[in-house]
Amino acid sequence: MSAGPEGQPNPEGQPNPEGQPNPEGQPNPEGQPNPEGQRHAAEGRSRDGIPLGRIAGVPVYLAYSWFLIAGFTVVVYGPTLAAREPQLGTGAYFVAFAYAVLLLVSVLIHELAHALSARAFGWPSQKIVLNLWGGHTQFESFTASPGRSVVVALAGPAANFVLAGAAWILINAAEPTGVAAILANIFMWANFLIGVFNVLPGLPLDGGRLVESIVWRLTGSQERGTIAAGWAGRVVVAAIVFFGLVLPWLQGQGIDISFTLVLLLVAAFLWQGASASIRNAGFRSRLPNVVAGQLAVAAVGVPNFATVEQAVEAGAGQGVVVVLCAPDGKPQGVVDPTAIARVPEPARASTPVTAVGYALAPGAYVPESAGGQELVQYLAQLQGTEYAVVDATGRVVGLLSQRAVVAAISGRPAR
């Protein structure tokens with residue numbers, strides 16, 4: 001099965017979480033490329049799984065988790081097929097594996113339909129990953145609309161219905177026999193069921209985009225649409241469990257352990273996806289409130305060659321945050337009020353301020369106007385938990401803490 005395209009279209013045109021933003025043109029420390037970040041990016045790509053090449057220019061990866069579902073298919077479906085078709089003997093297990101491969105092909109075509117329909121709207125696809133639960137298509141940054149979001153989402157199930165129809169025509173026209181007939185029928189029903197399952201009206205399934213887009217169109221808020229579709233997804237999960245397990249049990253039907261296990265795993269996956277959609281929508285709705293200048297505490301800058309006495313005159317130790325700056329004005333550290341208290345007053349005029357400060361991470365400063373997703377992504381690349389805030393002239397005006405940013409995103413008070 002497939003949960004459809006991964007990532008939320010952003011009406012503001014913000015980059016998705018895979019991007020590496022740079023708020024207000026803020027350079028890397030010293031303005032140099034970041035080979036460490038590039039190394040981690042390469043590692044992230046390798047963790048996607050086995051590269052299968054590119055199809056229509058889109059990289060395709062086979063996640064290692066797919067082999068789990070392939071093995072499960074062979075173990076569960078192989079004995080059933082062997083009992084039903086005894087002439088196959090041990091070949092039944094090879095047919096079961098072929099079944100898993102046909103499912104893989106069906107999901108790949110499903111995801112390609114997402115990618116190609118998105119390309120028609122100018123939405124670049126970053127990659128397709130085929131995994132335990134089917135697969136997902138991850139897009140790069142793009143600006144969405146309710147109508148286009150629905151078209152891209154429903155292109156996947158539509159492709160599966162087309163494949164099911166083509167298989168039906170082939171079966172009736174060619175009337176295959178033996179293994180060919182088994183696989184043709186499996187391919188037909190698998191694509192039909194994948195299509196039906198994915199149009200169920202709730203996230204993370206493709207049909208959830210229809211719910212999202214309707215609410216989005218009515219309210220003008222994609223976030224509200226996503227939350228509504230996420231709750232619809234939870235309702236879908238409850239319905240699947242009720243009609244698939246509870247109702248048959250109430251009617252006195254026996255419980256098939258393999259079927260029950262698969263259904264509960266699918267339900268857990270869908271519930272997790274629906275819940276993640278709701279959380280992500282809340283995150284996006286709060287992003288406009290994440291602005292460096294608004295979240296920072298007021299601060300003043302002093303040169304790193306100043307003395308402790310000069311820092312005290314600037315307000316250090318008296319409730320004012322003092323940031324140490326290099327000769328070129330770039331923030332380098334923060335004065336520690338407790339350290340100042342340990343310096344005897346007669347020694348303050350001769351003690352360098354650097355003796356009572358601690359360093360900020362390289363490049364840990366942002367413009368006061370920086371905000372939203374771009375700011376959050378940039379800060380996520382930095383070490384440390386504090387960041388100097390500067391105005392348009394480069395003057396230090398505040399100190400931003402990681403706690404304040406997290407609180408603004410989560411909607412919880414900072415601790």
Side-chain angles (χ1 to χ4, degrees), residues 1-3 48-53 55 60-112 128-136 156-157 159-198 240 243-245 248-249 251-270:
M1 92 181 159
S2 170
D48 288 323
I50 303 170
L52 301 181
I55 301 179
V60 179
Y61 296 88
L62 179 63
Y64 301 110
S65 61
W66 176 82
F67 294 96
L68 293 176
I69 196 63
F72 182 83
T73 302
V74 172
V75 170
V76 173
Y77 184 63
T80 302
L81 186 59
R84 194 172 62 196
E85 304 286 345
Q87 74 277 8
L88 293 177
T90 56
Y93 292 90
F94 291 98
V95 175
F97 181 74
Y99 172 33
V101 173
L102 286 176
L103 281 176
L104 182 70
V105 171
S106 300
V107 170
L108 174 59
I109 294 174
H110 176 111
E111 299 303 334
L112 279 172
I128 292 174
V129 180
L130 307 172
N131 54 29
L132 174 66
W133 299 110
H136 68 261
N160 292 120
F161 287 131
V162 169
L163 291 175
W168 181 82
I169 293 173
L170 177 64
I171 291 170
N172 284 275
E175 297 183 352
T177 59
V179 172
I182 294 172
L183 293 178
N185 277 278
I186 285 174
F187 187 74
M188 178 184 71
W189 283 108
N191 277 280
F192 177 76
L193 294 175
I194 289 173
V196 169
F197 186 76
N198 273 277
I240 289 174
F243 288 106
L245 291 181
W249 179 75
Q251 293 174 343
Q253 298 180 19
I255 296 178
D256 182 288
I257 300 299
S258 297
F259 173 78
T260 300
L261 178 61
V262 171
L263 190 144
L264 289 177
L265 286 174
V266 169
F269 164 73
L270 293 180

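Along the sequence shown, the residues carry numbers beginning at 1.
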Full working for side chain to side chain contact (heavy atoms under 4.5 Å, CB included) between I55 and L108: CA-CA 10 Å; I55 301 179; L108 174 59; 3.9 Å; yes
Give the C-alpha distance, both sets of side-chain angles, the deciding distance and a yes or no for side chain to side chain contact (heavy atoms under 4.5 Å, CB included) between L264 and V266. CA-CA 5 Å; L264 289 177; V266 169; over 6 Å; no
Does the pair L88 and F94 meet the rule for a side chain to side chain contact (heavy atoms under 4.5 Å, CB included), with working shown? CA-CA 10 Å; L88 293 177; F94 291 98; over 6 Å; no
Show the numbers, then the answer: is there a side chain to side chain contact (heavy atoms under 4.5 Å, CB included) between L102 and F187? CA-CA 6 Å; L102 286 176; F187 187 74; 3.9 Å; yes
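One finds the CG atom of L245 at 7.5 Å from the CD1 atom of I255 (value rounded to the nearest 0.5 Å). Remark: I69 CD1 to N131 CG distance equals 10.5 Å, nearest 0.5 Å. Distance check, rounded to the nearest 0.5 Å: CZ of F72 to CG of L265 gives 7.5 Å. If you take CG on L62 and CG on L104, they are separated by 6.0 Å, rounding to the nearest 0.5 Å. A distance of 10.0 Å separates OH of Y61 from CG of L52, quoted to the nearest 0.5 Å. Taking CG of L130 as the start and CD1 of I128 as the end, the distance is 7.0 Å to the nearest 0.5 Å.
In this structure the side chain of V105 never reaches within 4.5 angstrom of the side chain of V107, judged on heavy atoms. Residues Y93 and P79 are in side-chain contact: their nearest non-hydrogen atoms beyond the backbone lie under 4.5 Å apart.
A 6.0 Å sphere centred on CZ of F97 holds no more than 12 heavy atoms belonging to other residues, nucleotides or ligands.
For L68, the side-chain contact (heavy atoms from CB on, under 4.5 Å) criterion is met by L132, not counting sequence neighbours. Annotation: side-chain hydrogen bond (donor to acceptor under 3.5 Å, both in side chains) contacts of Y99 (sequence neighbours excluded): none.
Of all non-hydrogen atoms in A70 and A100, the two that sit nearest each other are CA-CB, 4.0 Å. V74 and A96 get closest at one heavy-atom pair: CA-CB, 3.9 Å. A pairwise comparison of heavy atoms in A181 and P176 identifies CB-O, 3.2 Å as the closest pair.
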Tell me which donor-acceptor pairs under 3.5 Å the side chains of residues 159-172 have, and how far apart each pair is, sequence neighbours excluded?
residue	atom	partner	partner atom	Å
N160	OD1	H110	ND1	2.6
N160	ND2	S106	O	3.4
N160	ND2	N191	OD1	2.9
N172	ND2	W168	O	2.7

